[in-house]
**Student:** 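Got a structure for you, written out below as structure tokens; questions coming shortly.
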Amino acid sequence: MRTLVAYISETGNTKKVAQAIYDEIPGEKDLMPICDVPDSSVYDLMFMGFPVHQFGPDKKATMRMKQHCVPGRKVALFVTHAAPESEPELPEWLAKFNEAASGAELVGFFDCQGQMSMPVKLVLRLSRDKKMRDWAKIDGSQGHPDASSIAKAKKFAKEVLEKAGQKG
Ligand SMILES: Cc1cc2nc3c(=O)[nH]c(=O)nc-3n(C[C@H](O)[C@H](O)[C@H](O)COP(=O)(O)O)c2cc1C
């Protein structure tokens with residue numbers, strides 16, 4: 001069994017989760033930015049991680065999911081977002097990742113909060129949309145993914161490995 005953990009991460013949040021997942025994997029494994037993956041067909045299981053951009057996956061993330069999520073491939077997704085996990089619109093945003101990856105056999109999905117970067121906060125502060133300005137004010141994402149999220153990510157990795165037929 002050979003496992004790949006691949007991700008897109010601009011400010012390091014998704015990469016932290018990727019590392020936590022990677023640490024739980026026994027046997028042959030690789031960890032790398034998804035743009036560096038030379039050939040995903042050599043892996044039996046692929047964990048793929050992305051940040052939420054504009055309420056879903058951005059074009060790069062969608063393109064990578066379409067590229068790697070092919071029939072017969074076992075894929076587990078993990079996603080980070082600045083919104084709290086209680087955000088009512090979150091299920092709608094996350095469903096877009098599931099949809100983009102639907103070409104593969106999806107064996108798991110994990111999401112957690114990730115710290116909002118200063119440039120993003122600035123954009124929200126200057127937004128014409130009051131909801132966005134209010135979001136910048138109440139943002140509580142600092143320090144995320146926190147220890148609790150990392151522990152949950154590790155548990156998620158173990159569950160996926162069991163489901164995919166490998167002891168974690
Ligand atoms: C261009 C852009 C758009 C974003 N849009 C959203 C969004 O719609 N909802 C959200 O919860 N977070 C949004 N975020 C915040 C990121 O999803 C969050 O900070 C994430 O953890 C960043 O992960 P990274 O450090 O791996 O890049 C956005 C960030 C950027 C840069």
Side-chain angles (χ1 to χ4, degrees), residues 3-25 29-37 40 43 45-69 75-102 104 106 108-157 160:
T3 307
L4 172 66
V5 183
Y7 58 87
I8 291 178
S9 185
E10 281 176 12
T11 55
N13 299 330
T14 314
K15 187 178 178 184
K16 263 186 210 159
V17 177
Q19 181 70 54
I21 291 170
Y22 177 79
D23 290 345
E24 294 306 301
I25 300 169
K29 58 181 178 179
D30 292 300
L31 170 70
M32 65 186 86
I34 201 159
C35 58
D36 293 346
V37 176
S40 59
Y43 297 98
L45 171 64
M46 203 174 160
F47 287 88
M48 294 172 59
F50 306 98
V52 169
H53 276 182
Q54 301 284 352
F55 321 118
D58 65 8
K59 276 193 189 145
K60 269 189 288 177
T62 303
M63 191 263 280
R64 293 300 178 189
M65 281 186 272
K66 299 257 180 244
Q67 177 188 354
H68 296 294
C69 293
V75 168
L77 294 179
F78 57 101
V79 174
T80 72
H81 43 81
E85 282 136 39
S86 57
E87 162 61 45
E89 287 179 22
L90 190 57
E92 209 179 294
W93 306 346
L94 300 181
K96 295 180 197 166
F97 288 87
N98 267 314
E99 199 187 310
S102 62
L106 281 176
F109 191 99
F110 174 79
D111 74 280
C112 70
Q113 200 172 15
Q115 185 165 321
M116 186 188 286
S117 65
M118 279 317 290
V120 172
K121 202 173 236 186
L122 199 59
V123 168
L124 292 186
R125 272 190 200 142
L126 298 173
S127 169
R128 285 164 186 231
D129 185 341
K130 184 174 182 306
K131 204 176 147 195
M132 295 296 139
R133 294 199 304 275
D134 287 347
W135 184 7
K137 271 188 210 153
I138 59 155
D139 170 52
S141 64
Q142 206 181 345
H144 288 271
D146 60 4
S148 158
S149 294
I150 293 300
K152 282 182 194 159
K154 287 177 179 285
K155 188 166 173 272
F156 160 74
V160 167

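Whatever order the structure lists ligands and atoms in, that order sets their numbers, starting from 1. For reference, positions follow the sequence shown, starting with 1.
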**Student:** State whether the side chain of R133 and the backbone N or O of L124 hold a donor-acceptor pair below 3.5 Å, judged by distance alone.
**Tutor:** no

**Student:** Is the shortest side-chain heavy-atom distance between D134 and K137 below 4.5 Å?
**Tutor:** yes

**Student:** Could you check atom 8 (O) of ligand 1 against the protein and tell me its nearest heavy-atom contact, residue, atom and distance included?
**Tutor:** F55 N, 2.7 Å

**Student:** Give the residue, atom name and distance (to 0.1 Å) of the protein heavy atom nearest atom 11 (O) of ligand 1.
**Tutor:** A83 N, 2.9 Å

**Student:** Please list, in number order, the atoms of ligand 1 under 4.0 Å from a heavy atom of S9.
**Tutor:** 24 (P), 25 (O), 26 (O), 27 (O)

**Student:** Backbone, side chain, both or neither: what part of W93 comes under 4.0 angstrom of ligand 1, heavy atoms only?
**Tutor:** side chain

**Student:** Does any N or O in the side chain of E85 come within less than 3.5 Å of the main-chain N or O of C112, such that one atom is a donor and the other an acceptor?
**Tutor:** no

**Student:** Between V79, V120, T80, flag the one that comes closest to atom 21 (O) of ligand 1 by a heavy atom.
**Tutor:** T80

**Student:** Look at atom 27 (O) of ligand 1 and say which protein heavy atom is nearest, naming residue and atom and giving the distance to 0.1 Å.
**Tutor:** E10 N, 2.7 Å

**Student:** Check W135 against ligand 1 and report side chain, backbone, both or neither, counting heavy atoms closer than 4.0 Å.
**Tutor:** side chain

**Student:** For atom 18 (C) of ligand 1, which of P51, A82, A18 has the closest heavy atom?
**Tutor:** A82

**Student:** I need the F47 CZ to I21 CD1 distance, nearest 0.5 Å.
**Tutor:** 6.0 Å

**Student:** Compare all side-chain heavy atoms of M48 with those of I34 and state whether any distance is below 4.5 angstrom.
**Tutor:** yes

**Student:** Run the contact test for S117 against ligand 1 with a 4.0 Å cut-off on heavy atoms, strictly below, and give the result.
**Tutor:** no

**Student:** Considering only heavy atoms from C-beta outward, does the side chain of V160 approach that of F110 to under 4.5 Å?
**Tutor:** no

**Student:** Quick test: of every protein heavy atom, which one is nearest to atom 25 (O) of ligand 1, and how far off is it to 0.1 Å?
**Tutor:** T11 OG1, 2.4 Å

**Student:** Provide the number and element of each atom of ligand 1 under 4.0 Å from a heavy atom of T14.
**Tutor:** 23 (O), 24 (P), 26 (O)

**Student:** Check whether any side-chain N or O of D111 sits under 3.5 Å from a backbone N or O of V79 as a donor-acceptor pair, and report yes or no.
**Tutor:** no

**Student:** Just distances here: any N/O of G56 and N/O of ligand 1 closer than 3.5 Å?
**Tutor:** no

**Student:** What atoms of ligand 1 come closer than 4.0 angstrom to any heavy atom of Q115?
**Tutor:** 19 (O)

**Student:** How far is atom 29 (C) of ligand 1 from the closest protein heavy atom, and which atom is that?
**Tutor:** H53 CD2, 3.5 Å

**Student:** Side chain of K96, backbone of F55: donor and acceptor closer than 3.5 Å?
**Tutor:** yes

**Student:** For atom 5 (N) of ligand 1, find the nearest protein heavy atom and state the residue, atom name and distance (0.1 Å precision).
**Tutor:** Q54 N, 2.9 Å

**Student:** Could you identify the single nearest non-hydrogen protein atom to atom 6 (C) of ligand 1 and state the distance to 0.1 Å?
**Tutor:** V52 O, 3.4 Å

**Student:** Going by atom types alone, do S141 and D139 pair a side-chain donor with an acceptor below 3.5 Å?
**Tutor:** yes

**Student:** Within the side chain of K121, is there an N or O that forms a donor-acceptor pair under 3.5 Å with the backbone of M116?
**Tutor:** no

